[in-house]
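Chain naming here is simple, since letters A, B, ... match the order of the sequence lines and numbering starts at 1 in each. Computed from heavy atoms alone, side chains included, the values below leave out hydrogens, waters and symmetry copies.
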Amino acid sequence: MFVAACLLISCKKNDNPTPTESGSLRIEFDNVVGDENLVLNAKTYRNAAGEEFTVSKLDYFVSNFVLYDDKGNSFTIPQDSSYFLIREDEKSSQYVTLNQIPFADYVAVEFMVGVDSARSASPIEKRKGVLDPGENPSHHGMYWSWNAGYIFLKLEGSSDAATSANGKFSYHIGLYGGYHEPTVNNTRVVRVEFGHDKATVSSTKVPLVHLFADVLKIFDGPGTQLKISEINSIAAERAQEAAQVADNYAQMFTYDHTH
Amino acid sequence: MITRTKIGCFRNGLFPLWITGATLLLFSCDKTKETPEPIDKEPTPVSWKKPDHFPDPVYDLSRNPLTEEGIELGRFLFYDGILSRTNKIGCGTCHQPQVAFTHHGHELSHGVDDLLGTRNAPSTQNLAWSPVFFWDGGVHDLDFVPFNPIANPVEMDETVPNILDKLRASPHNGSGTKVDYPNMFKKAFGTEEINTERMMKALSQFMMTMVSATSQYDFYLMGDQSALNPLEKEGMLLFEQKCSSCHSGVLQTDHSFRNNGLMPLRINDQGRFNVSTRTEDKYKFKVPSLRNVGVTNPYMHDGRYHTLEEVLDHYSRNIAHFYHSGSEAVETLDPLLANPANPGIPMTQDEKKAIIAFLHTLTDEIFNSNPQLKDPGVGNAF
C-alpha cells in the first residue's frame with residue numbers, strides 16, 4: 001500500500017502541453033570542495049570538524065528534473081529520460097542533457113538526489129540505462145542487492161581521523177522508504193535558482209547551466225556535523241545517520257553561471 | 001511440468017494442472033540434434049495454472065509470460081556455475097532439487113572457495129506465492145532475488161555485468177561454460193541479446209515451475225480422505241491448534257517476520273532489523289513454509305536443529321529457558337510465544353509425534369523427483 005501511494009503520485013499524468021517547439025538544456029554538475037576543485041586521491045581537504053581527508057570516490061544519482069521558466073510555468077522532464085548517475089571519475093557523466101524542452105527562459109531547476117520510491121520498487125523492465133542493476137549501478141556499486149535498492153550517494157576517501165583499520169571512510173546513502181512497510185526515506189528534492197540569470201532554450205541555443213556540488217556540505221549542513229573520527233562508515237543499517245547526511249547534501253548544490 | 005512416467009503416483013487420478021503444454025525439450029541446446037530447429041521459431045507459450053487449492057500467485061506472470069524456451073534457459077542459468085566468480089557455484093549448488101531446493105545436511109552453506117555463509121539456505125519452491133524473499137525480507141520481487149547470492153562474497157562473489165559478459169562470450173573458451181547461451185537467449189526471447197532483464201526473467205520463469213503441490217497433504221486437501229492416516233490427521237488438527245497462527249494456510253506461512261525464541265549465536269544475527277532498521281524488528285526472521293520440511297533439515301535460519309523432534313522441543317521447552325535468559329533478544333519474542341506463565345508452545349510427547357507424522361505428509365516426492373526441475377548437466381552439487 002505504501003508503494004501504491006508512491007506509484008499514484010509518480011504515475012500522475014504530465015500536464016505539460018505537448019511542446020510544439022522544443023530544444024535542449026544541459027546542466028553541469030561540477031563537484032568541488034569549498035572553493036577548490038575536487039581532485040580524486042590527490043588533494044587533501046579539511047571538513048568543518050577540522051579533519052583532513054582525501055576523496056577516492058564521489059558518485060550520486062540525480063533524477064526527476066523539473067524546469068521553471070520566468071513566467072511561472074514548470075516543465076517536468078518525462079520520467080524515463082530523467083535519471084542520471086554523476087560520477088567524479090567520468091567527466092562525461094557530469095553533463096546532464098535534458099531534451100524536448102519547450103522554448104522558454106528558465107530561471108530554476110528542481111531535481112531529486114537519488115531514485116524515487118516508485119522507481120526503486122518498480123519491475124525489472126523499468127530499470128534501464130543507469131538504473132539497470134546488472135549494468136551501471138552494479139558495475140559502479142550503486143545498488144544494494146541484499147536490501148534491494150539504489151545507493152543514492154557514495155562518498156569514499158581516507159583520513160587520519162578515521163578509526164577504521166585502513167584509515168578509510170565510506171558513506172553510502174540510500175533507502176527509498178520501504179516496500180511493504182515504511183522505513184527511512186532518504187530521497188531529497190533540491191531546487192536551485194539561477195539568480196538573475198535566465199537559461200534560454202531556443203532553436204539556436206542549448207544553454208549549459210553550471211552547478212557546483214560542494215563535498216564540504218556533505219559533512220556539514222542542517223542535518224549534522226559529520227565527524228570522520230566518530231563515524232567512518234554509513235550504509236543501509238545506519239538509517240538515521242544516513243538521513244542526516246541526506247539532509248546535509250540536499251544543500252550541497254549551488255548555481256554558478258550559465259553559458 | 002510433471003514427468004509423465006510418474007502418473008501412477010497420482011492418487012484418484014488427480015493430475016496437477018498448474019502447467020500445461022507440450023513436454024519441454026530436455027536437451028534443447030544439444031547441437032548434435034539431427035533435425036535442425038526452424039530459424040526464428042517463436043517461443044512456445046506455456047500456460048501456468050495455479051493448483052486449485054492454492055491462493056492466487058503474487059508474481060505477475062503477465063510481465064513475464066512463460067515459454068518452454070524461457071523456462072529451459074532459466075534451468076540452465078539456475079544450475080550453471082558461470083553465475084559465480086569461480087564458475088563452480090550455481091544456484092543449484094545450495095538449492096538442490098531432490099530436497100525441495102535446499103542444501104540438505106548443511107547448517108550453513110559453503111559458496112566460492114568453500115567460504116561459509118551465515119544463514120541456512122532456504123527453499124526456492126513455491127516462490128510464485130512469496131511477497132518477500134530471504135530470511136530478512138531484503139528483496140521483494142522474484143526478478144531481483146538472484147542479485148543477492150550473486151553479489152554475496154561468500155556465496156557466488158560475482159557481478160551481474162560480469163556474468164552477462166561471460167554469457168555473451170559463451171560457448172567459447174574462457175567464458176566458463178560450454179553452453180551456447182546466445183542461441184538459448186535467441187530461442188527464448190527472439191534475439192541473441194543478453195541483458196539483465198532477460199537473464200532475471202528466465203531465472204524467474206524456471207523458478208515459477210518449482211511448484212510443490214502434490215504431497216499427501218495436498219491429495220487430502222483435494223478430497224482424498226485416505227491420503228492421511230489417523231495419526232497424521234490427529235497431527236494435522238494439533239498443528240492447526242498450535243502452529244498455524246504463523247504457519248498458516250496451504251503454504252504454512254503468513255509471510256511475516258517473527259522472533260521465535262532462538263538464542264542469538266556468536267554473530268548476533270538480528271535478521272529483519274538489518275533491513276528495516278526498526279528496533280521492533282530485532283531478531284525477527286521470516287516464517288518459512290513447511291512444505292517438504294521432512295527432507296529439508298537442518299532447520300531454522302541458522303540451521304541449528306537437525307531433526308523435527310529438536311524443533312518441536314525448541315517450542316515446547318527451550319523457549320522457556322530463552323525467556324528467562326536475560327538476552328536482549330527476549331524483548332522482541334513473538335507475543336504468541338511469550339506467555340509469562342508458560343513461554344513457548346505446550347506439547348506432550350504424543351502430540352509431538354502426531355505433529356511430526358503430519359509434517360511428513362508435506363513431503364512431495366513427485367516434486368522432489370521431477371526430472372524437468374533437475375540439473376541439465378551444467379552444475380555442481382556438493
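Looking at every heavy atom in both residues, B:H140 comes nearest to A:A121 through CE1-CA, 4.1 Å. The nearest pair of heavy atoms linking B:F144 to A:P133 is CE2-CG, 3.9 Å. Taking every heavy atom of both residues into account, B:N274 and A:W146 meet most closely at O-CZ3, 3.8 Å. Closest of all the heavy-atom pairs between A:G134 and B:P161 is O-CG, 3.1 Å. Closest of all the heavy-atom pairs between A:I124 and B:R63 is N-NH2, 4.1 Å.
Judged by distance alone, with hydrogens and angles left aside, the side-chain atoms of A:H180 form a donor-acceptor pair with the main-chain N or O of B:P131 at under 3.5 Å.
In this structure, no portion of B:P149 lies under 4.5 Å from any heavy atom of chain A. Both the backbone and the side chain of B:S276 come within less than 4.5 Å of a heavy atom in chain A. In this structure, the portion of B:D141 lying under 4.5 Å from any heavy atom of chain A is its side chain and not its backbone.
Atom CG of A:D89 has more than 12 neighbouring heavy atoms from other residues, nucleotides or ligands inside a 6.0 Å radius. Counting non-hydrogen atoms of neighbouring residues, nucleotides and ligands closer than 6.0 angstrom, the CD atom of B:E331 reaches no more than 12 such neighbours. Counted within 6.0 Å of NZ on A:K128, heavy atoms from surrounding residues, nucleotides or ligands total more than 12; the atom is thus considered enclosed. At most 12 non-hydrogen atoms from other residues, nucleotides or ligands lie less than 6.0 angstrom from NZ of A:K168.
Rounding to the nearest 0.5 Å gives a distance of 7.5 Å between CG of A:N147 and CG of B:D136. Atom-to-atom distance recorded for A:Q240:CD and B:T277:OG1 is 6.5 Å, nearest 0.5 angstrom. With rounding to the nearest 0.5 angstrom, the CD atom of A:E135 is 9.5 Å from the OG1 atom of B:T159.
If you tally non-hydrogen atom pairs under 4.5 Å between each of A:A239, A:A236, A:G149, A:P123 and chain B, the highest count goes to A:P123. Ranked by non-hydrogen atom pairs under 4.5 Å with chain A, the options B:N64, B:N162, B:D143, B:V275 are led by B:V275.
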Self-check item: side-chain contact (heavy atoms from CB on, under 4.5 Å) assessment of A:E181 paired with B:F257
Solution: CA-CA 12 Å; A:E181 301 155 332; B:F257 299 89; 5.5 Å; no

